[in-house]
Amino acid sequence: MWKRKDLVGLRDLTAEEINLVLDTAKAFQEISLRPVKKVPTLRGRTVANLFFEPSTRTRISFELAEKRLSADTINFTSSSSSTVKGETLRDTVLNIESLKVDIIVMRHFASGAPHRLAQALPVSVINAGDGMNEHPTQALLDMFTVREKKGTVAGIKIAFVGDILHSRVARSNVWGLTKLGARVTLCGPRTLLPKGVETFGVHVTTDLEEAIHDADVINLLRIQAERQSECYFPSIREYANNYQINREVLKHAKPDVLIMHPGPVNRGVEVSSDVMDGPYSVILDQVTNGLAVRMAVLYLLSGVRKKRWGTVPVSPNQT
Ligand code: CP
């Protein structure tokens, strides 16, 4: 049974909790194949989507998941809100909480922002990506996709290639995948590997061929120029020469390797267009699976309410 009020990261989750989300998502997957793609599970509940940083996939995926579960939704983007007039995050959130929302989905450029919110408020908080820290629902949908395509996560070898330093997707995946028994490799230029990466409990290399030669899955990460205040490599062209996954490079990979990417993709940089659109790519399957995973997370959290004295599980039918 799910007992957490919030989902702020995978670092503290157990393998059992991760598997519960993945199993619940499997059950929700079927709803999107029905002619009428809607169930009354969250009828009467209100979800606020607070996005303080740009997003395409995560924002529309949460919004559609909420609609499929019949929740009422509030959509907030900082660029069109009173934050541009100087209102603080705390005041913005207190105003939204005054509307008696049940769940807050939050993306924020500051690492730890959803954690602080979760501690301060009695409502459930879902982290939709915080700074360079975690992006738990992205990692859950990545694991769901690996399990769907390879039959299991345990024992599967997954290589992450690219800007590991700035990647919250890589961090959440490392915490989640290692708990489920996957073998993880992190690969990128030395300057884009985080300090202390040797403590992550994964294999680390700067050599692309070494990273991919026995990988079952290659998960590509974008160079996050918006988070880089200094030069980490001489040029995008040199980066692509050394780390781009293209047809030539894939000759060194397994014939049934899967190519994954959380998006947004910089075509022609971390991956060539023909590989992105080719038979190895499951990038759009990841997006499809994200909907079922987010429906599962919303459903599981809707069954737990926090009282001042602690967290209590309640039946999803209880209102
Ligand atoms: N994967 C991901 O987080 O994409 P968005 O930034 O478009 O939400």
Side-chain angles (χ1 to χ4, degrees), residues 7-11 21-22 25 47-68 73 75-80 103-114 125-146 148-149 158 160-177 186 188 217-228 245 258-267 269-271 276-277 281-298:
L7 178 67
V8 290
L10 298 192
R11 194 168 195 154
V21 177
L22 302 186
V47 184
N49 301 306
L50 313 188
F51 280 72
F52 292 84
E53 202 188 59
S55 168
T56 298
R57 278 145 293 270
T58 312
R59 189 173 52 77
I60 61 175
S61 180
F62 266 113
E63 199 179 326
L64 188 55
E66 292 149 15
K67 286 182 176 14
R68 296 251 160 113
T73 60
N75 294 313
F76 167 97
T77 48
S78 56
S79 57
S80 59
I103 300 178
I104 292 177
V105 176
M106 186 197 221
R107 168 168 291 192
H108 203 278
F109 49 83
S111 298
V125 175
I126 302 173
N127 180 1
D130 65 316
M132 291 160 34
N133 182 40
E134 283 226 40
H135 192 347
T137 58
Q138 179 66 48
L140 287 163
L141 76 88
D142 290 347
M143 288 186 274
F144 185 90
T145 305
V146 170
E148 182 180 59
K149 303 288 178 190
I158 306 184
F160 288 82
V161 178
D163 184 354
I164 312 290
L165 176 65
H166 299 98
S167 178
R168 55 196 176 206
V169 174
R171 283 175 182 76
S172 280
N173 263 289
V174 165
W175 311 139
L177 285 166
L186 301 178
V217 178
I218 303 171
N219 200 332
L220 296 169
L221 301 170
R222 176 177 71 89
I223 297 293
Q224 298 195 30
E226 73 276 21
R227 296 193 208 281
Q228 299 185 9
I245 298 293
L258 296 183
I259 301 296
M260 295 175 63
H261 195 308
V265 177
N266 289 142
R267 281 180 184 261
V269 180
E270 63 267 19
V271 62
M276 181 172 167
D277 301 328
S281 170
V282 294
I283 294 171
L284 294 178
D285 297 290
Q286 290 172 260
V287 177
T288 305
N289 290 337
L291 185 58
V293 165
R294 289 176 176 123
M295 287 170 81
V297 170
L298 288 161

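Each ligand, and each atom within it, is numbered from 1 in the order the structure gives. As the structure is a prediction and not an experimental result, all values here were calculated from the model.
- Residue-ligand proximity, T58 to ligand 1, at heavy-atom distances under 4.0 Å covers atoms 2 (C), 3 (O), 4 (O), 5 (P), 8 (O).
- Taking any N or O of S55, backbone or side chain, at least one lies under 3.5 Å from an N or O belonging to ligand 1.
- The distance from ligand 1 to the heavy atoms of G263 drops below 4.0 Å at these ligand atoms: 1 (N), 2 (C), 4 (O).
- In this structure, atom 1 (N) of ligand 1 lies nearest to the protein heavy atom P262 O, 2.7 Å.
- In this structure, S281 contributes its side chain and D277 its backbone to no donor-acceptor pair below 3.5 Å.
- Looking from atom 4 (O) of ligand 1 to the surrounding protein, the closest heavy atom is R57 NE, 3.1 Å.
- Summary of contacts: the protein heavy atom closest to atom 6 (O) of ligand 1 is R107 NH1, 2.9 Å.
- With hydrogens and angles disregarded, no donor-acceptor distance shorter than 3.5 Å links the side chain of E270 to the backbone of V265.
- Within the 3.5 Å criterion, the main-chain N or O of S79 finds no donor-acceptor partner in the side chain of T77.
- Remark: E66 CD to R68 CZ distance equals 12.5 Å, nearest 0.5 Å.
- Remark: side-chain polar atoms of N127 are paired, donor with acceptor, to backbone N or O of V8 under 3.5 angstrom.
- When N49, V105, L50 are each tested for a side chain to side chain contact (heavy atoms under 4.5 Å, CB included) with N75, only one passes: N49.
- Per-residue contacts place T56 under 4.0 angstrom from the following atoms of ligand 1 (heavy atoms of the residue considered): 5 (P), 7 (O), 8 (O).
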